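Data block below; observations after.
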Amino acid sequence: VKVKIPFGNKYLDAIFSVPEKKPTYGVILTHGAGGDMNFPHLVSLAAYLASHGVLCLRFTCKGLNVAYRTKAFKTVVEYLKLSDDYKLSGIFLAGRSMGSRAAASVVRQLSQDDDDDGFIQGLVCLSYPLHRPNLQSKLRDEDLLLIRCPVLFVSGSADEMCEKQLLEGVVSKMKAPKKIHWIDKANHGMAVKGRTTDDVMEEINAQVFSWLRENVQLKHK
């Protein structure tokens, strides 16, 4: 279902992937610096989640400024929260690369608000860009260290923007419940020599879904 979400004096293009049964939980998903919501990995994940009963709303925001992307993401969260069509118990925020930085920033900001009502259940970071290529001295970890809700990282072990030891170091300092799933030998674009894109996507999709399911169940226990 295609929708246009009002954002300032513009609109954000977005698409709902809707499960057959009435969903209880949803995921908001956005792309990295280069692509848009039709980036194949996002389309694949959205379809997988919807086929497993999770509503997925993916959107395009073209700005290359993280603060601008964060504002857009917040607008989409509010839109879904107030939606009459889908009454959800909670949502997870997810993004790829720069989109996961924006998602992390939104989670941090909303959890620090006084009116945090627990609507946001967790954060999924696909290829989180922890540092610029070859610039490991400056880590983009300020939001991650302040987040309290569960976080899943799915990263390639050969990601040139997220060195394995550095991410493990940051994650060990995080207060939130967290998990890293390493895609062996994958680069920042999740490409692995000798494996098809579909094969890698299957692994990522299954990991994301099982983590979502675990966290929703943990909440209900």
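Only a predicted model underlies this, so the values are computations on that prediction, with no experimental measurement involved.
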Distance-only, no hydrogens or angles: does the [X] side chain make a donor-acceptor pair with backbone N or O of [Y] under 3.5 Å?
{"X": "S127", "Y": "R96", "answer": "no"}
{"X": "E160", "Y": "H188", "answer": "yes"}
{"X": "D159", "Y": "S155", "answer": "no"}

Residues forming a ring pair (Phe, Tyr, Trp, His ring centres under 6.0 Å) with Y68, sequence neighbours excluded: F7
Tell me which donor-acceptor pairs under 3.5 Å the side chains of residues 163-175 have, and how far apart each pair is, sequence neighbours excluded?
unit_1 : atom_1 : unit_2 : atom_2 : d
E163   : OE1    : Q136   : NE2    : 3.0
E168   : OE2    : W182   : NE1    : 3.2
S172   : OG     : G169   : O      : 2.6

Test side-chain contact (heavy atoms from CB on, under 4.5 Å) applied to T70 - qualifying residues, sequence neighbours left out: V66, A102, S105, V106, Q109
Residues which pass salt bridge (Lys or Arg N to Asp or Glu O under 4.0 Å) with R132, listed by chain and number, not counting sequence neighbours: none
Parallel, tilted or perpendicular: ring planes of F59 versus F73, cut at 30 and 60 degrees: perpendicular
What donor-acceptor contacts under 3.5 angstrom involve side-chain atoms of residues 138-146, with partners at least two apart or in another chain?
unit_1 : atom_1 : unit_2 : atom_2 : d
R140   : NH1    : P129   : O      : 3.1
D143   : OD1    : R108   : NE     : 2.2
D143   : OD1    : R108   : NH2    : 3.2

D13 and K4 ion-paired at < 4.0 Å: yes
Residue pairs passing the side-chain hydrogen bond (donor to acceptor under 3.5 Å, both in side chains) test where at least one lies in residues 45-60, sequence neighbours excluded: N38-R58
hydrophobic_cluster_shared for I120 and F153, side chain cutoff 4.5 Å: yes
Hydrophobic cluster identity match, F16 and M37, side-chain contacts under 4.5 Å: no
Greater than 12 external heavy atoms within 6.0 Å of K179's NZ: yes
Side-chain H-bond candidate by donor/acceptor type, H31 with D36, under 3.5 Å: no
Closest approach of Q121 to C149 (non-hydrogen atoms, all atoms of both residues): O-CB, 4.1 Å
